[in-house]
Structures are given as C-alpha cells and as structure tokens.
Amino acid sequence: MFALIDCNNFYASCEKLFRPDLAHTPVVVLSNNDGCIVARSKEAKALGFKMGEPYFQAKERIDRNGVMVFSSNYELYADISRRVMETIESVVPAIEIYSIDEAFADLRGFSDDHALSQMGKLIQSTVFKHTGISVGVGIGATKTLAKLANHAAKQYPKTGGVVVLTDKARIEKLMRITEVGEVWGVGRRLSRQLTDMGIQTVWDFIQHDTGSLRKQFSVVLERTQRELKGQACFGLDETPATKQQIVCSRSFGDRITQLDHLAQAVATYTARACEKLRSEAMSAQSITVFCRTSPFADKEPYYSNQASSQLSYPSDDTAVFLHQANELIQRIYKPQFRYAKAGVMLSNFYAPGTFQLSLFDEQPKDESKRKGLMSLVDQLNKQHKGQVFFGCEGISKPWAMKRDKVSPRYTTRWDELPVVR
DNA sequence: TCTGGGGTCCTAGGACCC
DNA sequence: TCTGGGGTCCTAGGACCC
C-alpha cells in the first residue's frame with residue numbers, strides 16, 4: 001500500500017503561514033523573474049487565476065480583486081518543506097520525497113480500510129499541528145492509484161482530504177467520473193491522443209487492450225495502465241538517485257545586449273552549478289552553455305544557441321568550469337540580439353576516484369589545495385549566500401532577475417524573523 | 001515593457017564491433 | 001542464384017513530472 005501526501009497550494013500556504021492577516025485573502029505566488037503565476041491559494045483559484053498564467057496578463061484582475069502577490073521565496077519554501085517531510089517521516093515506516101511538496105509513503109502491513117484511513121488522518125493532523133501546512137492524503141495499492149486517490153481527496157471536500165482507494169466498486173466509480181488526463185503519467189499530448197481514440201475516462205483507459213497500448217505508445221503507458229489495475233510497477237525509492245545532470249538557468253530582469261553582461265550571468269550560473277555539483281559529491285566532465293532571445297517577442301528575430309566542451313578529466317572546481325564557460329559563451333554570442341535567458345548545464349558525472357584514465361592521459365595534478373579552497377567557499381556561502389564569489393560573476397549584476405515582492409525568509413535568517421507585537 | 005526552472009525516462013537511428 | 005546475425009554505445013528528440 002502506498003500513500004501520496006501532497007501539500008495544499010504549497011507556496012501560497014507558506015506565504016500565509018506567517019501572515020495570519022491574509023488568512024482569507026486570495027494569494028498568488030509568481031515564478032522567478034515575476035513571470036508567471038505558479039501557485040494560488042484556494043481563494044485565488046476560486047477567482048479563476050490559472051497555473052502558469054503570465055503575471056502581466058493577470059495584473060489588472062489581480063489589482064481589481066485585491067489579490068496579494070508574492071515573488072517566489074525558495075529559501076522559505078525549502079525550509080517549510082523540510083519540516084513537513086520530517087514530520088511525515090516520524091509517523092510512517094518509510095517515505096520517498098517526490099518533490100518539494102509531495103511524498104510517497106509505504107503503508108505495507110496495514111490490513112483494512114479503517115486502519116489505512118486512520119493512518120491518513122494521523123498524517124494529516126500531525127503535519128498540520130507541527131507545521132501549519134494542510135495536506136491531502138491519497139492511499140492505494142500502487143503509486144498511480146495513490147496519486148488518483150490524492151486527486152480525489154483534493155477534488156471532493158467531503159472526503160476531508162483523505163481518500164483510501166481499495167474498494168473495487170469505489171475505484172470503478174471514481175474512474176468513471178475522472179478524465180484520463182488526470183492520471184499520473186498522462187500529460188497533455190497523450191491525453192489528446194487517447195481522447196481522439198475514444199478513451200475519455202480513466203475507466204475507458206483501463207479497459208483498453210494492454211498489448212496494443214504498448215505497441216501504439218510505449219512501455220511507459222503500459223506501466224501506467226497496469227498500475228491503475230492494481231499491479232505495482234514502481235516501488236518506493238527511499239534514497240534519491242544520484243543526479244545525472246545539473247542545470248542552472250535564469251531569465252534576465254532586463255534584456256542583455258552586451259557580451260560582458262552575458263558572460264557575467266553565465267559565470268554566476270556556472271558558479272552556482274558547481275556548488276550544487278560539490279554538494280552531490282560529484283565531478284563533471286562536460287559543460288554546456290546556452291543563451292537565447294525571447295521566444296515570445298515576434299517583432300524581433302529569434303536566436304538560440306548552445307555549445308559544449310569536455311574536460312580531459314572530471315572536475316568540481318568552479319575556476320576550471322568558469323574558464324570553459326567563458327570560452328563557450330564567446331563562441332555563441334552574436335551582438336545583434338537582445339538576450340532574454342542563458343544557462344549552464346553540467347553532465348557526465350563521476351564519483352571521486354571512478355574516472356578511468358587512458359594510457360596516454362597525463363596524470364591529474366594534485367588538487368587537494370583547490371578542494372580545500374572550494375569547500376571553504378561553500379562553507380562561507382552556506383552561512384550567508386553570496387558572501388564569497390568570483391570577480392567574473394559581476395558585482396552590480398544589472399541583469400539580475402526581478403523579485404519585487406519577495407517576503408522575508410522568516411525561518412532561515414536571523415534578521416528576517418517574524419516580529420510579534 | 002512584461003511569458004519559470006529543474007529534472008527523468010524511453011525510443012529510434014546511426015556508428016561501430018565481431 | 002546467392003548479400004548474416006547479434007550486439008553495444010551514443011545522441012537527439014519527445015514525452016512526462018513538479
């Protein structure tokens with residue numbers, strides 16, 4: 001048995017946590033650069049604001065309806081997420097953290113519906129008591145069924161936010177009224193293709209012949225169908241797999257035209273990507289740099305390009321990658337464009353000591369001094385982000401992203417603690 | 001004027017090996 | 001007349017997730 005625990009309107013709920021005055025106010029949270037709406041409180045949902053809606057298009061309706069707007073504050077959300085996950089972990093035998101606001105739990109050994117339902121309610125009330133965040137809990141024989149149950153828990157308030165999906169008749173009833181596009185693993189594209197084939201509901205979908213489903217689509221969709229029929233294809237991953245790539249990219253607050261600004265931005269992203277790399281205790285051999293103009297500006301020409309390079313042996317040294325990144329951005333920069341976004345991708349990872357040199361490779365230099373320097377830089381920046389940085393990252397950063405409406409980092413900065421009067 | 005960021009997995013096809 | 005079979009590795013592209 002699996003449970004899927006999902007925080008309700010997570011980012012919006014985090015913002016409300018320290019603002020009791022906003023308890024019944026509609027709240028939306030914007031993506032990086034204050035671009036799109038990425039989270040909505042239930043009041044904002046009721047007003048019809050959509051996920052992914054561009055802020056500038058919604059702004060007039062936001063003002064008119066007295067909606068409170070926040071820039072995203074990931075430092076806050078990550079800390080609240082950690083508290084939620086730790087609480088769930090203290091109640092259930094094992095969990096897999098699936099995203100910042102979701103976790104699967106293993107409920108093996110719980111025999112009857114009543115016990116499962118009690119467990120779901122216990123998770124819900126404990127998380128709320130410890131963190132102030134409300135969650136929905138869906139329980140089923142497979143992960144995909146737990147997801148479906150969770151969807152029902154959110155959709156139907158009468159459930160109280162906890163749904164146990166084990167009873168055959170109940171499963172059929174739910175599947176007959178749920179569109180196939182709601183299923184975990186069926187996105188926009190597949191959903192349209194399936195509807196075109198006459199498969200509208202989840203129930204239609206599980207009646208379809210498994211073999212032909214695999215032939216026409218892929219093994220991925222076959223597994224999804226099997227999971228919905230109660231055959232578990234996915235287990236609980238308690239230890240997160242080691243990353244295979246690290247990406248750091250941002251849209252700019254203002255368009256960039258100058259090469260030195262673009263190079264500064266790329267250097268900043270490179271430094272951040274290397275920091276993440278070291279926190280994974282990995283080294284990378286490849287780096288890709290990309291930049292592009294806005295795909296939405298139809299009055300100006302579109303340009304997008306990328307370039308990669310390979311080190312002769314893997315590294316986790318920021319200076320090594322900064323050098324590469326600078327060469328790469330010089331290669332793809334063209335002066336006549338207004339750049340909207342750039343990014344850096346690290347790949348080809350090796351754990352320490354696992355890289356195989358070839359007969360004619362030079363022995364890598366002794367890097368222990370560099371390692372010490374990098375770990376010191378990481379330590380200092382952990383205490384206070386941006387405390388130490390490379391000069392090529394720039395100082396004034398005129399291209400930095402917009403976050404005009406960011407709330408205090410209430411739980412992770414001494415000077416931003418909430419004040420009670 | 002203004003449209004996010006960071007990931008994973010699978011498949012098909014090409015290059016190459018014996 | 002007759003033109004193999006079996007395999008790996010890599011990459012690009014497409015789908016999905018939050």
Side-chain angles (χ1 to χ4, degrees), chain A residues 4-11 28-39 50-60 62 69-74 77-78 81 96-104 143-144 147 150-151 180-194 214-224 227 233-234 237 240-255 269 272-273 276-277 280 285-286 288 290 292-300 302 306 308 310 338 340-349 401-405:
Chain A
L4 190 265
I5 303 111
D6 184 323
C7 301
N8 299 329
N9 321 318
F10 184 55
Y11 295 172
V28 299
V29 180
L30 304 178
S31 65
N32 270 337
N33 220 26
D34 292 348
C36 297
I37 295 173
V38 291
K50 295 277 174 281
M51 177 73 180
E53 203 176 340
Y55 174 48
F56 77 96
Q57 283 173 9
K59 188 161 187 321
E60 194 267 331
I62 283 175
V69 181
F70 290 96
S71 302
S72 38
N73 184 348
Y74 286 105
Y77 312 150
S81 170
E96 169 189 342
I97 298 172
Y98 180 66
S99 76
I100 195 164
D101 72 336
E102 273 177 64
F104 286 103
K143 282 179 158 184
T144 310
K147 272 275 195 184
N150 185 279
H151 175 257
V180 67
E182 302 292 345
V183 170
W184 185 46
V186 179
R188 277 246 296 279
R189 197 85 178 220
L190 282 172
S191 166
R192 224 190 48 216
Q193 291 180 50
L194 291 169
R214 179 177 189 146
K215 225 177 215 158
Q216 193 174 348
F217 298 95
S218 75
V219 65
V220 185
L221 202 61
E222 176 185 349
R223 286 200 279 246
T224 297
E227 282 247 320
C233 304
F234 308 116
D237 290 321
T242 50
K243 284 199 198 323
Q244 309 199 30
Q245 59 172 36
I246 288 172
V247 178
C248 186
S249 74
R250 293 279 179 284
S251 298
F252 308 129
D254 286 310
R255 299 279 183 266
Y269 307 156
R272 176 71 188 121
K276 288 190 209 170
L277 183 66
E280 293 273 318
Q285 201 186 3
S286 307
T288 300
F290 66 89
R292 61 165 175 77
T293 62
S294 168
F296 303 103
D298 31 66
K299 283 178 193 130
E300 46 185 288
Y302 182 65
Q306 62 173 63
S308 308
Q310 291 260 332
R338 295 171 66 237
K341 181 176 179 174
V344 170
M345 191 170 99
L346 302 178
S347 53
N348 248 325
F349 292 173
M401 71 176 179
K402 229 183 312 179
R403 317 168 72 188
D404 290 340
K405 301 165 177 63

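Since the model is a prediction, treat every value here as computed from it, not as a measurement. Letters A, B, ... mirror the listed sequences (proteins, then strands); counts begin at 1.
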- Query: So what does A:Lys59 hit on the nucleic acid, given a heavy-atom distance under 4.0 Å: a base, only sugar-phosphate, or nothing?
  - Reply: nothing
- Query: Using 30° and 60° as the class limits, which term best fits the ring planes of A:Tyr74 and A:Tyr11: parallel, tilted or perpendicular?
  - Reply: perpendicular
- CD/A:Glu227 to NZ/A:Lys147 distance, rounded to the nearest 0.5 angstrom? 12.0 Å
- Query: Hey, does A:Val29 reach any base, or is it just sugar-phosphate, or nothing, if we go heavy atoms under 4.0 Å?
  - Reply: nothing
- For A:Lys299, which contact category applies under a 4.0 Å heavy-atom criterion: base, sugar-phosphate, or nothing? nothing
- Please tell me which of A:Val219 and A:Gln57 maps to the more 5' nucleotide of DNA chain B, matching each residue to the nucleotide holding its nearest heavy atom. A:Gln57
- Note on the structure: Separation between OG (A:Ser251) and CZ (A:Arg292), nearest 0.5 Å, reads 6.0 Å
- Task: Could you check whether A:Arg214 gets within reach of a base, just the sugar-phosphate, or nothing at all, counting any heavy atom under 4.0 Å?
- Result: nothing
- Task: Look at all strands and tell whether A:Tyr55 reaches a base, only sugar-phosphate, or nothing, counting heavy atoms closer than 4.0 Å.
- Result: nothing
- Task: Could you tell me whether A:Ile100 contacts a base, only the sugar-phosphate backbone, or nothing, with contacts defined as non-hydrogen atoms closer than 4.0 Å?
- Result: nothing
- Task: Would you classify A:Arg255 as touching base, sugar-phosphate or nothing, given that sugar-phosphate means primed atoms plus P, OP1 and OP2, and contacts are heavy atoms under 4.0 Å?
- Result: sugar-phosphate
- Does a side-chain heavy-atom distance below 4.5 Å link A:Thr293 with A:Arg338? no
- Message: If I pick the C1' atom on C:dC17 and the same atom on B:dG4, what distance separates them, to the nearest angstrom?
- Response: 15 Å
- Under 4.0 Å between any heavy atoms, over every strand shown, what does A:Asn33 touch: base, sugar-phosphate, or nothing? Just pick one. nothing
- Message: Under 4.0 Å from a heavy atom of chain A: give me the 5'-most and 3'-most nucleotides of DNA chain C that qualify.
- Response: C:dA15 to C:dC18
- Task: First locate atom CG of A:Leu346, then atom CG of A:Leu277, and finally report the distance between them rounded to the nearest 0.5 Å.
- Result: 5.5 Å
- Please step through side-chain contact (heavy atoms from CB on, under 4.5 Å) for the pair A:Phe349 and A:Ile246, ending with a clear verdict. CA-CA 10 Å; A:Phe349 292 173; A:Ile246 288 172; 3.8 Å; yes
- Note on the structure: Pairs under 3.5 Å (Watson-Crick or G-U), crossing ones as [ ], inter-strand ones as |: DNA chain C comes out as ....||||||||||||||
- Query: Counting any heavy atom closer than 4.0 Å, what does A:Glu102 reach on the DNA or RNA strands: base, sugar-phosphate only, or nothing?
  - Reply: sugar-phosphate
- So what does A:Leu30 touch, heavy atoms closer than 4.0 Å: a base, only the sugar-phosphate, or nothing? nothing
- Message: What's the separation between atom CD1 in A:Ile5 and atom CZ in A:Phe104, rounded to the nearest 0.5 Å?
- Response: 9.5 Å
- Message: With a 6.0 Å cut-off (strictly less than), is the heavy-atom count around NZ of A:Lys405, excluding the residue itself, greater than 12?
- Response: yes
- Message: Can you tell me how far apart CD (A:Gln193) and CG (A:Leu221) are? Round to the nearest 0.5 Å.
- Response: 9.5 Å
- Query: Which value, rounded to the nearest 0.5 Å, describes the distance between A:Gln310 atom CD and A:Thr288 atom OG1?
  - Reply: 9.0 Å
- How is A:Asp101 classified with respect to the nucleic acid when contacts are heavy atoms under 4.0 Å: base, sugar-phosphate, or nothing? sugar-phosphate
- Message: Between A:Val220 and A:Asp34, which residue's closest nucleotide on DNA chain B lies nearer the 5′ terminus?
- Response: A:Asp34
- Query: Which part of the nucleic acid, if any, lies within reach of A:Lys402 when heavy atoms closer than 4.0 Å are counted: base, sugar-phosphate only, or nothing?
  - Reply: nothing
